[in-house]
Amino acid sequence: MALVATCSRSLLRVRRSSLDPLTRTCLFLSTSNDSISAEQGKTQLKKPWRKSHKRSPGTGELSWEERLADAVTPLWRLTYEEQLELKQKRQEGILSQLCQHLSSDCQSRPSSAVGAKPTFPVLPILPSPVTEGYRNKSTFSVNRGVDGNPKTVGFYVGAGRNGTIVCINGDHLLNMPEKHKLVARCYQDFIRRSSLEPCLLFHAGGHWREVTVRTGAGGRTMAIVYFHPQALAPREVAAHKAELLDYFTRGPGAVCQLDSLFFQESTMTRCAHEDSPYQLLNGQEHIYEEVNQSAAELLYGAVRDLCVPSNNGDGGRTGGTLLDVCCGTGAVGITASRRAGRVIGVELVEQAVEDARHNAALNGALNCEFIAGKAEVVLPDLVTRLSGAGGGLAAVVNPARAGLHPRVVRALRNQAAIRRLVYVSCKPEGEAMRNFRELCCARGPQSKLTGEAFTPRLAVPVDMFPHTPHCELVLLFER
């Protein structure tokens, strides 16, 4: 599987290997205190806390580092086995709530007792092969530290409404790669050397803002520095860009060995490439990487197995058509394309469709097709054309935390030819729960849900985020 990010857009490119299930991952990355010397940079980072150093929250006032760890990685005090047990119970509890909702919605049987088990199998959670330093992207903020220095790079602890926000560096966080920590410390060193002030609040002036770091297991690293020009003339901005470039290429920051250094000047909190282009100051525009074994492989492997089950157990092609709804850049569909007879992805963002087509060509997935448009508009005619093709029709959705738009849910529910649906959710207790209920509730003219109801058949939790309470849930619906 290949992950891709660019300055102008976020991409996900999947490179299939000759093996099935996936055994290789290809990442293609581009712009989606004291002074540090080259020698110091390799040793100055704090080592991750070990269990013997971890203190219970009830044993006294917590340090700032502990408060940050509790906010970012709330489960860091538990062993990984304890974390998995907790997550398994949490997912079972969420799915039990779903069953209670469906029982109440259908009114065909008495509601399940609170705390009852789900009425369908929930497989044991798939553990992440990597439990520390697994993040491939980190964004570090700039604000006042505990000592009051406004040029502190790290993460926020506290609340803005009562003025208690403090910026704490993340050297001790278990999910943070060492390279990310090093880049953050070097960036802090750079802005403390700079004559310009940081931009803490847009209306208060200042220039240096956060830095985003992206890495892959091969060690390739990209940094994106965000900058508010305020009233600076272009030549002044150019001078400070030159200082940034010199610091990371010939100065102390060279220890980071950045493969790509990007710069974006913007007067907005978040700004697209089209509004203010990312500027490549040094290095490669894109970064490719190969990775063996990852939590992403587990997730996409589980999704593929539920979307297109292997009839004979050898992973060979089984035929049928897979609809990858809201497909983004095509990762799920391309992963499953070796088994499916045909894959059709539907995506609203035209640039993502272009990237998905590129990804399919890159992977030799000749049975993949991608269509630009709103799913609720495209699906009715598309499914009508596909329903007579034979071989069966399945669909997969992997929406953001906000879940699927109600019109997309109706489009899926009302297409009788879709007999199997796989839903991937990183927050099943949120808006996704509404989607689940709409897919499975009784028909009703007021809700415009006229198609036969789906039934949840199987759930597979996948731990993508060790030391946090979150995981991905892959849920199979059939009718």
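Index from 1, following the sequence.
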Evaluation steps, salt bridge (charged side-chain N to carboxylate O under 4.0 Å, His left out), between R357 and E354: CA-CA 5 Å; R357 291 167 179 162; E354 178 183 330; over 6 Å; no
Okay, side chain of [X], backbone of [Y]: is any donor-acceptor separation there less than 3.5 Å?
X	Y	answer
S128	T131	no
K137	R214	no
H172	E65	yes
E347	G373	no
E472	M464	no
D246	A242	no
S260	Q284	yes
S194	F190	no
N282	L261	no

Just how far is it from atom [atom1] of [X] to atom [atom2] of [Y], taken to the nearest 0.5 Å?
X	Y	atom1	atom2	answer
T335	E297	OG1	CD	9.5 Å
S337	R304	OG	CZ	10.5 Å
Q264	S276	CD	OG	4.5 Å
T73	L68	OG1	CG	7.5 Å
N136	M222	CG	CE	9.0 Å
C471	I125	SG	CD1	4.5 Å

Restricting to non-hydrogen atoms, name the atom on [X] and the atom on [Y] that form the minimum distance, rounded to 0.1 Å.
X	Y	result
D259	R220	OD2-CA, 3.0 Å
F370	C327	CD2-SG, 3.8 Å
A254	T249	CB-O, 3.6 Å
G145	V166	C-CG1, 3.7 Å
D171	K181	O-NZ, 2.7 Å
P229	S266	CD-O, 3.7 Å

After noting the C-alpha distance and the side-chain angles of N398 and D324, does the key distance pass the side chain to side chain contact (heavy atoms under 4.5 Å, CB included) rule? CA-CA 9 Å; N398 184 13; D324 189 355; over 6 Å; no
Can you sort out the partners of [X] under salt bridge (charged side-chain N to carboxylate O under 4.0 Å, His left out), two or more places apart, ordered by chain and number?
X	value
R434	E431, E438
R144	none
E85	K89
E265	none

Quick check on the 6.0 Å ring-centre criterion: do W208 and Y226 meet it?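 Ring centroids of W208 and Y226 are no less than 6.0 Å from each other.
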Centroid-to-centroid, F140 to F155, below 6.0 Å?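 Between F155 and F140, which both carry aromatic rings, the centre distance is below 6.0 Å.
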Quick one, [X] and [Y] - any side-chain contact, counting heavy atoms below 4.5 Å?
X	Y	result
N169	T152	no
Q188	K151	no
L475	S425	no
V237	F263	yes
E369	V343	no
P428	M433	no
C186	V255	yes
P461	Q88	yes

With sequence neighbours left out, what residues match F436 under ring pair (Phe, Tyr, Trp, His ring centres under 6.0 Å)?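 Partners of F436 under the ring pair (Phe, Tyr, Trp, His ring centres under 6.0 Å) test: Y423, F477.
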Partner set under ring pair (Phe, Tyr, Trp, His ring centres under 6.0 Å) for F248, not counting sequence neighbours: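 Applying ring pair (Phe, Tyr, Trp, His ring centres under 6.0 Å) to F248 gives none.
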Within 6.0 Å of NZ in K427, more than 12 heavy atoms from elsewhere: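 No, the 6.0 Å shell around NZ holds no more than 12 heavy atoms from other groups.
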Do R209 and H228 pass the side chain to side chain contact (heavy atoms under 4.5 Å, CB included) test, and can you show the C-alpha distance, the side-chain angles, and the key distance before you say yes or no? CA-CA 7 Å; R209 297 176 54 213; H228 196 308; 4.1 Å; yes
Assess the residue pair R67 and E61 against the criterion (salt bridge (charged side-chain N to carboxylate O under 4.0 Å, His left out)); give the C-alpha distance rounded to whole Å, side-chain angles, the decisive distance to 0.1 Å, and a yes or no. CA-CA 10 Å; R67 296 183 197 182; E61 185 177 355; 3.3 Å; yes
Would you call D189-R193 a salt bridge at under 4.0 Å N-O?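 Counted as a salt bridge, because a side-chain N and a carboxylate O are separated by less than 4.0 Å.
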I'd like to know if R90 and E429 make a salt bridge, using a cut-off of under 4.0 Å between side-chain N and carboxylate O.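 Looking at E429 together with R90, the answer is yes, because their closest N to O distance falls below 4.0 Å.
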Hey, mind stepping through V422 and V474 against side chain to side chain contact (heavy atoms under 4.5 Å, CB included) and telling me if it holds? CA-CA 7 Å; V422 175; V474 183; 3.6 Å; yes
Mind checking whether Y278 and F262 have parallel, tilted or perpendicular rings, split at 30° and 60°?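 Judged by the thresholds at 30° and 60°, the geometry between Y278 and F262 is perpendicular.
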Residue that, paired with W76, satisfies side-chain hydrogen bond (donor to acceptor under 3.5 Å, both in side chains) out of D70, N175, T468: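 Going through the options one by one, the only one that passes is D70.
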For the residue pair [X] and [Y], confirm or rule out a side-chain donor-acceptor distance under 3.5 Å.
X	Y	answer
E376	H405	no
T139	T212	yes
Q257	K179	no

List the steps and the verdict of side chain to side chain contact (heavy atoms under 4.5 Å, CB included) for C307 and V396. CA-CA 7 Å; C307 287; V396 58; 3.5 Å; yes
Report the C-alpha distance between S138 and H180 in whole Å, list the side-chain angles of each, state the deciding distance to 0.1 Å, and finish with yes or no for side chain to side chain donor-acceptor pair (under 3.5 Å). CA-CA 7 Å; S138 302; H180 291 204; 2.7 Å; yes
